[in-house]
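Read the structure below first, then the notes.
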Amino acid sequence: MRGRSIISLVTAAIATVFACTPKEDTPAVETRLSTATTSLDRKGGSMFVSVQASGDWTLEVLFKDGAEPWATLSATSGSGSKSDIILTYEENTGEERSCALSLILRGRTELTLTQAGNSSSGGGGSSSTTHKGNSTKALWLELPETKDGDKLDFFTHDMPMGTKAVRNYSYYWDYEALVAHWVAYPLNKSLYGSGSRSDAWGLDPLLTEAEQPVLYKGFKESGTYARGHQLPSAHRLNYQANVQTFYGVNMTPQRHTFNEGVWLSLETLVKTWSSSCDTLYCVTGCVVDGSSEVAHDNDGKEVKIPVAYWKACLRYSSAGTTGINGYSACGFYFDHNYSGTATASSAMAISIDELEKKLGIDLFVNLPAKVGKTASDQIEAQDPKTVSVWK
């Protein structure tokens, strides 16, 4: 497991059943604690912890023999089931080590996690297990669907916000094309942060160097192709969050005229929209199907040049009077060889339904669970040109 990937959860603890009262007919309460893997990457990272429970619970990390803490949880208490608790763990420069997750609810359920060390053969590198599966497990509104059997993998990076770790962005990785088919992220004023562009071009620790483009010096064809961000640097200004936007997995080879023209204009427009709502859930993507052209990274690896780019936005405002249940949505689709106006506007926007037909994927896959299928269908069918918030 490298970093935090959300995929079909491997149940790692046997259900422990406790009776609520001494009464013979009282139904049992089933409690489960699970993670995507029990083997942690030596290089450090993060992953999801899932609690299936009924009632109030507490969760903690136990370290053996008085060891200094090297892993933390984003939530240590809650009520009912929760699937998006984040376990963040540090790099291990010593021998193999382990910790235990301890869930307390009318008793105790424990799950042991082992982190590879310098002398271990497991963890890290291309031999590590990559977990892939359904993006609905995270329940985040910005996420599109993932599909079994498409040879793509789903990863997520988090970032610090105060004393908590929150999601920075998620991406759906294509190992053959060496680009993410999409990068999804939430956006609002608090998530912008403050700071400046880091230009810290680097490698994603969730993948090996061979599995991602190396772009310290840009593409070999840098005169034609820029390192085009899918999550814009300007949308994450806190230093650690901004550094992650400069990973090669967030880049595609994008023509300078496109990157510095209509695409930059659209990124600016999206940030403006996010300033006037509670949260703007964004997903940016590229289309590589049908592409026969490649650019080359610093190691000479071939990176597919997308034939088109797209963006989808789901706006939520608790105080708004427009939209449906506070939600409105819009999409954009541009051929990579687009040569029209350099200024993006709502006049170019299309409905999510129309964008989904172009792409063949289900966007905002978790929206029906939030607002119901009928409302979700209405939101995705709505023509953004008729909705004032996009103007």
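Note that the structure is a prediction, hence the values are computed from the model and not measured.
Within a 6.0 Å sphere centred on NZ of K220, other residues, nucleotides and ligands contribute 12 heavy atoms or fewer. Residue K301 qualifies as enclosed at atom NZ: its count of foreign heavy atoms under 6.0 Å is above 12. Atom NZ of K189 has 12 or fewer heavy atoms from other residues, nucleotides or ligands within 6.0 Å.
Judged as a ring pair (Phe, Tyr, Trp, His ring centres under 6.0 Å), the pairs with a partner in residues 337-371 (not counting sequence neighbours) are, in order, F334-Y338. Sorted by first and then second residue, the ring pair (Phe, Tyr, Trp, His ring centres under 6.0 Å) pairs with a member in residues 368-391 read W273-W390; sequence neighbours excluded.
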Tell me, with the steps shown, if D150 and Y172 meet side chain to side chain donor-acceptor pair (under 3.5 Å).
CA-CA 11 Å; D150 61 6; Y172 206 33; 2.6 Å; yes
Evaluate the criterion ring-ring contact (aromatic ring centres under 6.0 Å, His included) for residue pair F155 and W182; output intermediate values, then yes/no.
CA-CA 11 Å; F155 297 98; W182 49 257; over 10 Å; no
Ignoring hydrogens and angles, write down the donor-acceptor pairs under 3.5 Å from the side chains of residues 354-362, residues two or more places apart or on other chains.
from	atom 1	to	atom 2	distance (Å)
E356	OE2	L363	N	2.9

Pairs of donor and acceptor atoms involving the side chains of residues 194-206, under 3.5 Å and at least two apart or interchain, shall be tabulated with distances.
from	atom 1	to	atom 2	distance (Å)
R197	NE	D199	OD1	2.7
R197	NH2	D199	OD1	3.2
S198	OG	A200	N	3.3
S198	OG	N242	OD1	2.7
D204	OD1	H157	NE2	3.0
D204	OD1	L206	N	2.9
D204	OD2	H157	NE2	2.8
D204	OD2	Y171	OH	2.7

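Here the CG-CD distance, from L73 to E60, works out to 9.5 Å after rounding to the nearest 0.5 Å.
I350 and I324 end up in the same hydrophobic cluster when Ile, Leu, Val, Met, Phe, Trp and Tyr side chains are linked at under 4.5 Å. Criterion: ILVMFWY side-chain heavy atoms under 4.5 Å apart, direct or through other members. Under it, L62 and L111 are not part of a common hydrophobic cluster.
D153 and Y175 are linked by a side-chain donor-acceptor pair at a separation below 3.5 angstrom, with hydrogens and angles left out of the test. With 3.5 Å as the limit, one finds no donor-acceptor pair spanning the side chains of R255 and T224. Judged purely by distance below 3.5 Å, without hydrogens or angles, the side chains of S274 and N188 never pair a donor atom with an acceptor atom. Side-chain atoms of T245 and Y169 form no donor-acceptor pair, as typed in the model, at a separation below 3.5 Å.
Salt-bridge formation is not detected for the pair K304/E293: no Lys NZ or Arg NE/NH1/NH2 atom is positioned less than 4.0 Å from an Asp or Glu carboxylate oxygen.
Applying the ring pair (Phe, Tyr, Trp, His ring centres under 6.0 Å) criterion to W57, with sequence neighbours excluded, gives no partner residue. Residues forming a ring pair (Phe, Tyr, Trp, His ring centres under 6.0 Å) with Y281 (at least two apart in sequence, or on another chain): none.
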